[in-house]
> 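Mind having a look at this structure? Questions to follow.
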Amino acid sequence: MIVVMEQGASDAQIAHVAALIRELGLRDHIIKGTERTVIAAIGDDRAKTKENIENAPGVEKVMPVLARYKLASREVKKERSVVALGGTLGATAGGEKICIIAGPCSVESRDQLLPCAHKVKEAGATALRGGAFKPRTSPYEFQGLGEEGLKILAEARAQTGLAVVTEVMAVDQVDLVCKYADVLQIGARNMQNYNLLCAVGDQPKPVLLKRGLSATLEEFLLAAEYIISRGNPNVILCERGIRTFETYCRNTLPLAIVPEVHRISHLPIIIDPSQGTGHAHLVPDMCKAAVAAGADGLIIEAHDDPEHALTDGAQSITPQTLKETMKVLKRIAEAVEREI
Ligand code: PEP
Ligand code: MN
């Protein structure tokens, strides 16, 4: 359930209600909005009585939260969340400004990443992607450079100011990745790795949560709920396509998820048109469609030499194509009352 406090409720009244919630054996989660404070009571509240909370001073009403995801739902928080990505270029997801995260699928070397980082920045990106730990279908394929890759990413940030977005694949990598990254990416294959979700929820850096290959929207939001309920509200959802019977593209990219997420959740949602299509020639148009649909950002694979990329070359555009696409995206953003 959620407890909606009256406008102007005092800190003491809020603390009192939080204590009452804990007395019921539930966890309290205070969300201060611009107009009023709501307190979510987390846990199994089916048998709990709400009368004593309803009568507490400063309480306006107590309401059940119908969605299974509570803290991720719009029932609990009406205002859209804005998540700061880090870096020095002011990248955020969820505000008026659409964030562009671009870079190679994997960090391959210093000579590959640093020039690419400068070029995506010049094209208009404010964050840099690049995997140092890669989830590969085959154990014989390039698995990423590990910590060396993270160091190269940090060097790219120092040179450009771009926020660094990179994947963490396992609980025992979280501290290491946090040392270098600004945003922790949870890959599609790990969306339901609940131990990992808890581990990234236990630290404060923003989390880019990718949708699982066969996850429903409810499962996706429940995965976000794991992270938020551990105390980290900085979750950015990322649609990267789902597996269907279709074969002309690597995945099927359901853009309708963007307005639907905005209807039922306050979390920002960005689109990955690279994993979403698997083909570089489809990426610019899906970027345009995503911005038109209201996406809060894009994460795009860009590589200087896609033909020789160690991973995902077929779906990587060049920084030059990114630059050209950005010109159109700016106009589309303006048409839907956003900015890039
Ligand atoms: C990636 O971003 O390169 C990646 C592996 O993504 P996903 O987890 O969506 O497949
Ligand atoms: Mn990739």
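In listed order, ligands and their atoms are each counted from 1. We're numbering straight along the sequence, starting at 1. Keep in mind the model is a prediction, meaning the values are calculated, not measured.
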> Return the closest protein heavy atom for atom 1 (C) of ligand 1 as residue, atom name and distance.
Gln275 NE2, 3.3 Å
> Under a 4.0 Å threshold between the charged nitrogen and the carboxylate oxygen, would Arg263 count as salt-bridged to Glu260?
yes
> Among Ile257, Val258, Ile270, which residue meets the side-chain contact (heavy atoms from CB on, under 4.5 Å) test with Glu239?
Ile257
> Does a salt bridge link Arg68 with Glu218, judged by any charged N lying under 4.0 Å from a carboxylate O?
yes
> Which of the atoms in ligand 1, numbered in the order shown and given with their element, are less than 4.0 Å from a heavy-atom of Cys105?
3 (O)
> Does Glu155 pair with Arg110 as a salt bridge, N-O distance under 4.0 Å?
yes
> Could you pull out, from Lys210, Arg136, Glu239, Arg189, the option with a heavy atom nearest to atom 6 (O) of ligand 1?
Lys210
> Should Asp312 and Arg250 count as an ion pair when the cut-off is N to O under 4.0 Å?
yes
> Taking Arg338 first and then Glu96, would you say they form a salt bridge - that is, a charged N and a carboxylate O separated by under 4.0 Å?
no
> For the Mn ion (ligand 2), which N, O or S atom of Asp312 is at the shortest distance?
OD2
> If you count the atoms of ligand 1 from 1 in the order shown, which ones are under 4.0 Å from a heavy atom of Gly187?
8 (O)
> If you look at Glu301, which of its N/O/S atoms is nearest to the Mn ion (ligand 2)?
OE2
> Among Arg240, Lys134, Glu167, Arg129, which one puts a heavy atom closest to atom 10 (O) of ligand 1?
Arg240
> At what distance is the nearest protein heavy atom to atom 8 (O) of ligand 1, and which residue and atom is it?
Ala188 N, 2.8 Å
> For ligand 1, which atoms, with element, lie under 4.0 Å from some heavy atom of Glu301?
1 (C), 3 (O)
> Would you call Lys61 and Glu54 a salt bridge, using N to O less than 4.0 angstrom?
no
